[in-house]
Novice: 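Let me begin by handing over the structure; questions about it come next.
Quick note on labels: first sequence line is chain A, next is B, and so on, each numbered from 1.
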2 protein chains.
Amino acid sequence: MGKLREPLRDIAECGLPAALEAVGERWSFMILRASFNGLHHFEEFLTELGIARNILSGRLVKLVEVGILQRTPSPDDRRKVIYQLTDKGLDLLPAMIALRQWGERWETGVPSNPVLCDERDRRPINPISIRAHDDREIDHHGLCWIDEGELNADRDQDNEQPVKNLGAM
Amino acid sequence: MGKLREPLRDIAECGLPAALEAVGERWSFMILRASFNGLHHFEEFLTELGIARNILSGRLVKLVEVGILQRTPSPDDRRKVIYQLTDKGLDLLPAMIALRQWGERWETGVPSNPVLCDERDRRPINPISIRAHDDREIDHHGLCWIDEGELNADRDQDNEQPVKNLGAM
DNA sequence: TTTTTAGGTTGCGAATCAGTACCTACCTAA
DNA sequence: TTAGGTAGGTACTGATTCGCAACCTAAAAA
């Protein structure tokens with residue numbers, strides 16, 4: 001594995017490049033989708049995804065390395081290996097669903113069948129949205145960046161502070 | 001542009017492969033992040049991202065093609081071009097923030113500075129989460145797939161239906 | 001009128017992707 | 001106990017894409 005490629009700029013500064021470093025390669029998200037859907041074995045991913053063996057092999061190694069998947073030899077059949085999502089992997093679900101919903105809204109057009117629902121009430125889930133501290137839905141207009149220092153300083157006060165409007169994400 | 005590569009399987013069936021087809025390539029998300037942060041010009045992206053000119057050029061063409069960015073010649077300076085997010089592009093924000101938050105939680109560790117806040121109350125936004133129809137937060141345990149047919153059939157009834165637990169995302 | 005700037009394109013080597021043919025351990029049926 | 005199939009990989013090959021640097025053109029700026 002070459003790995004001479006410079007890591008996406010500013011790994012430390014922002015979580016996005018870091019996330020992309022872990023799951024940004026081609027097929028990674030598709031493998032995770034398959035995992036979320038209960039696939040556990042190499043050959044299952046292979047036939048379900050239509051990915052090449054060597055690529056799948058490499059991706060699985062990577063996803064295990066970064067701690068998104070866990071690799072366990074099957075107790076029943078010593079040929080088999082069980083790949084399953086760790087907590088870290090499961091925590092990608094909101095991002096995956098958000099991306100999927102975007103694809104449905106803007107690309108495929110249809111909210112594909114079957115529909116993702118909550119198990120208790122058996123009704124479709126809401127669109128993933130951005131929420132303020134009080135759970136108010138907000139869009140990009142209602143967002144800004146605040147410095148950690150300023151944050152603590154002006155809590156529970158109403159003095160005006162300079163607002164950097166999305167200046168350094 | 002070769003484009004002989006088979007599109008990620010089942011484009012029509014699910015929004016995720018469709019979304020990845022649009023923004024799944026290397027650098028696409030970083031360009032969008034920069035766009036969200038108010039960058040508009042080729043040379044700005046170039047220096048801010050540290051991406052190669054030809055790659056940036058290709059990505060911008062692609063993102064414009066799929067309708068995520070809009071390309072407008074600047075009225076002030078006829079050399080300049082303004083790239084800005086369309087509504088379709090802006091609608092990727094929840095997915096981007098979810099991914100970024102994941103990266104902060106699991107990779108960088110720190111909720112990087114400055115902090116993304118709501119403009120009204122100037123407090124950090126909540127983590128992106130999955131919500132049921134009644135806005136209840138749910139995790140992967142509380143999710144299931146329901147067929148469109150079944151969905152309409154059992155609305156406002158409490159008969160038991162077979163639950164496919166994440167069987168075909 | 002020369003120089004700079006903005007936004008590209010082109011060419012080329014390096015890295016990655018993808019398809020296929022192996023290979024090895026293991027299970028199963030005869 | 002052995003032949004044959006299965007599970008999970010590697011190794012080899014060619015196609016595609018990435019990334020760097022050089023170049024190019026139109027339009028400001030000096």
Novice: Mind calculating the distance between CG (A:L56) and C1' (C:dG19) to the nearest angstrom?
Specialist: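 Checked: the CG to C1' distance equals 14 Å.
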Novice: Along nucleotides 8-14 of chain D, 5' to 3', which nucleotides get a B, which get an S, and which get a -, given that the test is a protein heavy-atom distance under 4.0 Å?
Specialist: BBBBB--
Novice: Got a salt bridge between A:E65 and A:R71, using NZ or NE/NH1/NH2 to carboxylate O under 4.0 Å?
Specialist: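 No, this pair does not count.
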Novice: Does the pair B:R123/B:D121 count as a salt bridge with the N-to-O cut at 4.0 Å?
Specialist: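 No, this pair does not count.
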Novice: Can you tell me the distance, in whole Å, between the CD atom of A:E21 and the P atom of C:dT16?
Specialist: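 Distance, rounded to whole Å: 11 Å.
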Novice: To the nearest angstrom, how far is B:I55 atom CD1 from C:dG8 atom P?
Specialist: 14 Å
Novice: Report yes or no: do A:S35 and A:R33 form a side-chain donor-acceptor pair below 3.5 Å?
Specialist: no
Novice: Can you tell which of C:dA18, D:dC20, D:dA28 lies closest to the side chain of A:W27?
Specialist: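 Nucleotide nearest to A:W27's side chain: C:dA18.
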Novice: Please determine if A:D87 and B:R105 form a salt bridge, counting it only when a charged side-chain N lies under 4.0 Å from a carboxylate O.
Specialist: no
Novice: Can you find a heavy atom in the side chain of B:W27 that is under 4.5 Å from one in the side chain of B:L56?
Specialist: no
Novice: Over how many whole Å does the gap from B:D76 atom CG to C:dG7 atom P extend?
Specialist: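 Checked: the CG to P distance equals 12 Å.
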Novice: Apply salt bridge (Lys or Arg N to Asp or Glu O under 4.0 Å) to A:R53 and list each qualifying residue two or more places apart in sequence or on a separate chain.
Specialist: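 Applying salt bridge (Lys or Arg N to Asp or Glu O under 4.0 Å) to A:R53 gives A:E43.
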Novice: Nearest-Å distance, CG (B:L46) to P (D:dA22)?
Specialist: 15 Å
Novice: Has B:R78 got a side-chain N or O lying under 4.0 Å from the OP1 or OP2 atom of D:dA28?
Specialist: yes
Novice: CG of B:L69 versus P of C:dG7: gap in Å, rounded?
Specialist: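 One finds 14 Å between P of C:dG7 and CG of B:L69, rounded.
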Novice: Just the rounded figure in Å: distance from P of C:dT16 to CZ of B:R26.
Specialist: 9 Å
Novice: Would you mind reading off the distance between A:R59 atom CZ and C:dC17 atom C1', rounded to a whole angstrom?
Specialist: 8 Å
